[in-house]
Amino acid sequence: MKRLNKAKQWSLVGALSLSASALAYAGTYFYSKAVAINKKDFTEDEYNMQDVYPDDPWTAEKEWYQAVKHDVMTIESDDGLTLSSLFIPAAKETNRVAIIAHGYSGSNKNMAPWSKLFHDLGFNLLIPDARGHGESDGDYIGFGWHERVDYLRWIDNMIERFGSESELILYGLSMGGATVMNVSGETLPSNVKAIIEDCGYSSVTKELAHQMKRMYKLPQFPFIPLASFVTKMKAGYWFGEANPEKQVKNSQTPLFFIHGEEDHFVPTHMVYDVYHAANCPKDLYVVPGAAHAYGYVTDKEEYRFRIKRFLDKYLDEETQSI
């Protein structure tokens with residue numbers, strides 16, 4: 001009997017050890033899939049317009065983006081990374097700057113349509129590569145949390161360049177939308193007049209739980225907490241910290257929330273969460289029929305009109321007509 005009990009004990013120890021190893025592997029695996037810098041195949045379908053638009057709807061904007069005069073700028077982050085950005089001067093001299101944030105696993109190279117939009121409105125453009133993306137240093141994705149601190153540095157850089165009377169706006173798409181929402185909850189200089197986000201998630205935990213169910217048919221627990229723990233060890237933040245819904249509650253800057261009505265990558269209900277959480281001047285535009293990051297291309301004229309109308313409320317003078 002004692003031998004049997006001892007055998008059972010060893011069997012239990014072995015099972016627990018195996019379970020612990022499996023859980024550790026799961027946490028590391030999902031960190032690699034979601035947070036570490038590598039090719040993210042699962043995002044390609046969300047940004048591939050070829051099935052919907054056989055002819056590229058952004059040809060003119062991309063040609064402009066390739067030809068327009070620009071400079072490459074760099075700054076150093078709080079943790080010693082060299083961060084890179086494109087700077088495109090306005091067609092006419094102005095102290096207005098639009099800082100534009102790209103999406104998950106992308107770079108400033110993907111932002112031609114939105115860059116052209118704000119350039120046409122009369123802004124200088126600053127289009128950073130997020131840490132770990134494009135030409136910027138970094139080996140992990142901060143999901144807009146660590147990036148928010150980087151954007152504070154870019155904001156200071158633009159104010160230093162264009163002076164105390166400069167007017168800045170922020171625009172972000174997808175993870176860039178989450179980034180600028182996170183920035184909105186920080187103490188910002190009065191030069192930041194407005195923030196526009198398109199299809200950003202309300203929290204990293206909720207978004208990753210959605211993707212866990214969507215891609216793997218797995219529950220949030222224990223996989224999201226495990227991946228969050230590995231992220232804390234490797235990248236220095238918990239998923240629970242990266243929460244735009246909490247950040248917008250602290251915003252003193254006017255916020256414009258945009259989302260596609262048929263967004264299944266970042267579920268449309270998330271835009272209502274952040275919109276209702278915000279206590280600042282705000283506006284909401286849910287684009288009928290638009291999938292994730294398709295809001296602009298779905299109705300270009302209305303998208304431009306809504307953004308111009310929103311900005312004209314909070315800038316000292318109206319923007320240029322498009």
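Nothing fancy with the numbering, it's 1 onward along the sequence.
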Distance (rounded to the nearest 0.5 Å) between Glu160 CD and Met158 CE: 9.0 Å
Ring geometry between Tyr216 and Tyr29 (parallel below 30°, tilted from 30 to 60°, perpendicular above 60°): perpendicular
Plane angle bin for Tyr140 and Tyr237 - parallel if under 30°, tilted between 30 and 60°, otherwise perpendicular: tilted
Asn182 versus Trp145, closest heavy-atom pair with distance: ND2-N, 3.8 Å
Mutual orientation of the aromatic rings belonging to Trp58 and Tyr296 [parallel < 30°, tilted 30-60°, perpendicular > 60°]: tilted
Stepwise salt bridge (Lys or Arg N to Asp or Glu O under 4.0 Å) test for Glu245 and Lys249: CA-CA 7 Å; Glu245 188 174 349; Lys249 290 180 180 179; 5.5 Å; no
Side chain Glu241, main chain Phe239, donor-acceptor under 3.5 Å: no
From Ile127 atom CD1 to Ile88 atom CD1, the distance as rounded to the nearest 0.5 Å: 4.0 Å
Shared hydrophobic cluster for Val97 and Leu83 (ILVMFWY, side-chain gaps under 4.5 Å): yes
Flag side-chain contact, heavy atom, 4.5 Å: Gln320 against Lys308: no
Residues which pass ring pair (Phe, Tyr, Trp, His ring centres under 6.0 Å) with Trp64, listed by chain and number, not counting sequence neighbours: His119
Hydrophobic cluster identity match, Phe310 and Leu168, side-chain contacts under 4.5 Å: no
Trp238 and Phe229 aromatic ring geometry - parallel, tilted or perpendicular at 30°/60° bounds: tilted
Test side-chain contact (heavy atoms from CB on, under 4.5 Å) applied to Arg131 and Asp139, Val149, Thr82, Asp79, the passing residue: Asp79
Parallel, tilted or perpendicular, as decided by the 30° and 60° cut-offs, for the rings of Phe257 and Tyr275: perpendicular
Non-neighbouring partners of Asp120 that pass side-chain hydrogen bond (donor to acceptor under 3.5 Å, both in side chains), sequence neighbours left out: Lys116
His269 and Lys206: CA distance, side-chain angles, deciding distance, side chain to side chain contact (heavy atoms under 4.5 Å, CB included) verdict: CA-CA 11 Å; His269 68 79; Lys206 290 178 182 178; 5.9 Å; no
Stepwise side-chain hydrogen bond (donor to acceptor under 3.5 Å, both in side chains) check, Asn279 with Ser251: CA-CA 7 Å; Asn279 295 313; Ser251 179; over 6 Å; no
Rounded distance (nearest 0.5 Å) linking atom CG of Asp129 with atom CD of Glu147: 11.5 Å
